[in-house]
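Each chain gets a letter, A, B and so on, in the order the sequences are listed, and its residues count up from 1.
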Amino acid sequence: MGRDRSCCACAVTECFALVDCNNFYASCERVFQPNLRGRPVVILSNNDGCVIARSNEAKALGIEMGAPWHQHKQPFEKQGVIVRSSNYTLYGNMSARVMKTLRQFSPNLEVYSIDEAFLSFDGFDGRMESHAREVRARVYQWTGIPVSIGIAPTKTLAKIANRAAKKNPASGGVQILMDSAEQEALLDQLKLEDVWGIAKRLSRRLGEIGITTPLQLRQADAPFIRERFGVVVERIVLELRGQSCLELDEVPSNRKSLVSSRSFGRSIHSLQEMREAVSTYASRACEKMRRQNLATANLIVFIETNPFRTQDQHYRASQSIQLPLASSDTGRITTAALSALDAVWKPGYSFKKAGVMLLDLVSATHVTSTLFDVPDSVSSQSRMKAMDALNRRFGRDTVILGSSGVKPKWSLRREMLSPCYSTDWRELVRVG
DNA sequence: TCTGGGGTCCTAGGACCC
DNA sequence: TCTGGGGTCCTAGGACCC
């Protein structure tokens with residue numbers, strides 16, 4: 001729960017700065033190719049399918065985010081638009097440099113996405129603007145990436161402020177939005193969809209009850225909004241009022257799932273080809289998982305036909321599969337993924353996309369001294385919870401049967417272990 | 001005839017984000 | 001011909017338990 005400051009006149013107002021890289025992918029390309037500066041640049045997705053980033057000059061030409069490139073390629077290339085395929089390794093490295101620079105200004109930092117971070121600006125009253133300008137200048141000096149900074153008492157308002165900093169050149173890339181009247185004036189000019197957390201559907205549903213601007217949302221009755229739209233939207237209402245509900249999340253939690261998926265350059269008709277694709281995704285997913293020292297016992301395979309081909313029947317299916325024990329072993333997981341694929345495969349369709357999702361990720365700790373057995377009858381999620389709890393309690397050198405890095409004889413040893421009959425970790429049988 | 005109720009777990013799907 | 005990939009959180013409803 002967020003601390004409630006609204007009832008206390010002497011409460012210190014919190015202050016968040018959202019630092020957001022301008023046109024991040026395009027800016028990264030420009031760092032290494034300065035001749036791209038001042039020119040319209042677009043970055044394309046996999047298979048050069050659609051537009052995923054644009055420089056300001058490209059935006060000015062009317063190139064939309066997500067636009068299928070094949071529909072726009074010719075006219076835009078005539079206008080001198082420069083096209084790049086995406087290079088995520090480069091963007092990841094540049095992101096790390098930007099974050100490292102920001103950390104020097106404040107250790108209280110939440111890396112929100114590849115190109116955004118929230119910083120605590122608490123205690124900078126009166127010096128906020130100069131401080132923000134210093135941050136901005138140093139990030140540019142050290143990384144070559146231009147950023148915009150929005151400052152406000154809540155994360156949601158900081159997002160709004162950041163947007164204003166970007167849209168308004170006079171701001172010089174820094175917008176402070178601490179004043180209530182200024183907040184209202186700005187919110188009145190925006191669309192609901194400009195608010196963080198409100199997209200098309202919610203916007204439409206809000207419109208049905210007469211709420212059409214962010215200012216109206218801010219003024220709406222919070223309990224009513226909660227009843228009608230749930231806690232998420234209620235939080236947005238409070239955040240828009242300047243009441244902070246979303247705290248700075250400085251310690252990133254372990255990821256809970258990961259996906260490896262691709263759209264194919266051409267459609268796939270044969271099961272054999274699809275098995276090859278799914279094998280590739282499974283092993284790629286396992287690599288990611290091992291790199292983060294995680295393991296899973298729960299995965300999903302999904303396949304899909306081309307949803308844009310309206311003349312064909314659309315078919316999308318997924319199959320989840322449970323492993324008896326958490327693992328990050330490529331062979332084991334690939335085998336499971338392929339059997340899941342067999343369950344969803346439909347001959348006669350042209351498939352355009354497939355993927356493997358790994359769920360309920362747990363830390364994969366090596367078997368060393370202590371062993372616990374968890375019976376197969378225990379559900380995957382309970383098993384994961386139990387394993388997590390064990391890891392926390394006994395530290396790194398505890399066990400998890402069948403997890404990554406487990407000694408090869410684990411299956412044999414498992415046979416020798418007595419089963420336990422509880423999903424409560426305290427009652428798990430200690431066997432080693 | 002009358003057919004509990006509260007809690008938790010699980011899963012699928014919706015909605016949103018970058 | 002050609003339309004991305006990778007995440008999170010919440011909710012609803014059924015199963016199950018006592």
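When all heavy atoms of A/Val51 and A/Trp69 are compared, the closest pair comes out as CG2-CE3, 3.7 Å. Closest approach of A/Asp20 to A/Glu116, counting heavy atoms only: OD2-CG, 3.3 Å.
A donor-acceptor contact closer than 3.5 angstrom is absent between the side chains of A/Thr296 and A/Asn298. In the model, A/Asn162 has no side-chain atom that pairs as donor or acceptor with a side-chain atom of A/Ser148 under 3.5 Å.
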Donor-acceptor contacts under 3.5 Å from residues 38-46 of chain A side chains, at least two apart:
| residue | atom | partner | partner atom | Å |
| --- | --- | --- | --- | --- |
| A/Ser45 | OG | A/Gly49 | N | 3.4 |
| A/Ser45 | OG | A/Cys50 | N | 3.0 |
| A/Ser45 | OG | A/Cys50 | O | 3.4 |

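Take A/Gln272 and apply the side chain to side chain donor-acceptor pair (under 3.5 Å) test, not counting sequence neighbours, and it matches A/Glu276.
Pairs passing the side chain to side chain donor-acceptor pair (under 3.5 Å) check and including a residue from residues 223-238 of chain A, sequence neighbours excluded, read A/Arg226-A/Glu234. Sorted by first and then second residue, the side chain to side chain donor-acceptor pair (under 3.5 Å) pairs with a member in residues 185-194 of chain A read A/Arg163-A/Asp194, A/Glu193-A/Ser203; sequence neighbours excluded. Among pairs with a residue in residues 91-114 of chain A, those fulfilling salt bridge (charged side-chain N to carboxylate O under 4.0 Å, His left out) read A/Glu110-A/Lys155, at least two apart in sequence or across chains.
Contacts between residues 43-80 of chain A and DNA chain B, defined by a heavy-atom separation below 4.0 Å, involve no residue at all. Listed by residue number, A/Gly230, A/Val231, A/Val232 are the residues of residues 220-232 of chain A with a heavy-atom contact under 4.0 Å to DNA chain C. Within residues 111-121 of chain A, the residues having any heavy atom under 4.0 Å from DNA chain B are, by residue number, A/Tyr112, A/Ser113, A/Asp115, A/Glu116. For the segment residues 188-198 of chain A, residues with any heavy atom less than 4.0 angstrom from an atom of DNA chain B are, sorted by number, A/Val195, A/Trp196, A/Gly197, A/Ile198. Only A/Arg201, A/Leu202, listed by number, bring a heavy atom of residues 201-215 of chain A to less than 4.0 angstrom from any atom of DNA chain B.
Nucleotides C/dC18 and B/dC2 have their P atoms positioned 28 Å apart, rounded to a whole Å.
Using a 30° and 60° split on the angle between ring planes, A/Phe118 and A/Tyr112 fall in the perpendicular class, above 60°. In this structure, A/His131 and A/Phe124 have parallel ring planes: the angle between them is below the 30° cut-off, well short of the 60° mark.
Note on A/Arg255: only backbone sugar-phosphate atoms sit closer than 4.0 angstrom, heavy atoms only; bases stay farther off. Residue A/Arg235 is in sugar-phosphate contact alone, with no base atom involved, counting any heavy-atom pair closer than 4.0 Å across all strands shown. Among the atoms of the strands shown, none is found under 4.0 Å from any heavy atom of A/Ser320.
Side chain of A/Thr154 to main chain of A/Leu157: a donor-acceptor pair is present (N/O by atom type, distance under 3.5 Å, no hydrogens or angles). Side chain of A/Ser86 to backbone of A/Tyr88: no donor-acceptor contact under 3.5 angstrom is found. Using a distance-only test at 3.5 Å, with no hydrogens or angles considered, a donor-acceptor pair links the side chain of A/Ser283 to the main chain of A/Thr280.
The residue among A/Met357 and A/Tyr25 whose nearest nucleotide of DNA chain C is located toward the 5' end is A/Tyr25.
Partner of A/Phe229 under the side chain to side chain contact (heavy atoms under 4.5 Å, CB included) criterion, chosen from A/Ile198, A/Leu202, A/Ile236: A/Leu202. When each of A/Arg30, A/Glu57, A/Glu29, A/Lys59 is checked for a side chain to side chain donor-acceptor pair (under 3.5 Å) with A/Asn23, only A/Lys59 meets the rule.
Summarising the local packing, CD of A/Gln74 is surrounded by 12 or fewer heavy atoms from other residues, nucleotides or ligands at distances under 6.0 Å.
Using a 4.5 Å heavy-atom cutoff, the side chains of A/Lys352 and A/Arg309 are not in contact.
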Under the salt bridge (charged side-chain N to carboxylate O under 4.0 Å, His left out) criterion, do A/Asp48 and A/Lys73 qualify, and how do the steps go? CA-CA 11 Å; A/Asp48 292 347; A/Lys73 188 179 159 93; over 6 Å; no
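Between A/Glu273 and A/Arg266, at least one side-chain nitrogen of the basic residue sits less than 4.0 Å from a carboxylate oxygen of the acidic one, meeting the salt-bridge criterion.
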Dot-bracket notation for DNA chain B, counting Watson-Crick and G-U pairs under 3.5 Å, with | for partners on another strand: ....||||||||||||||
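With a heavy-atom cut-off of 4.0 Å to chain A, the contacted part of DNA chain C has its first and last nucleotide at C/dC2 to C/dT11.
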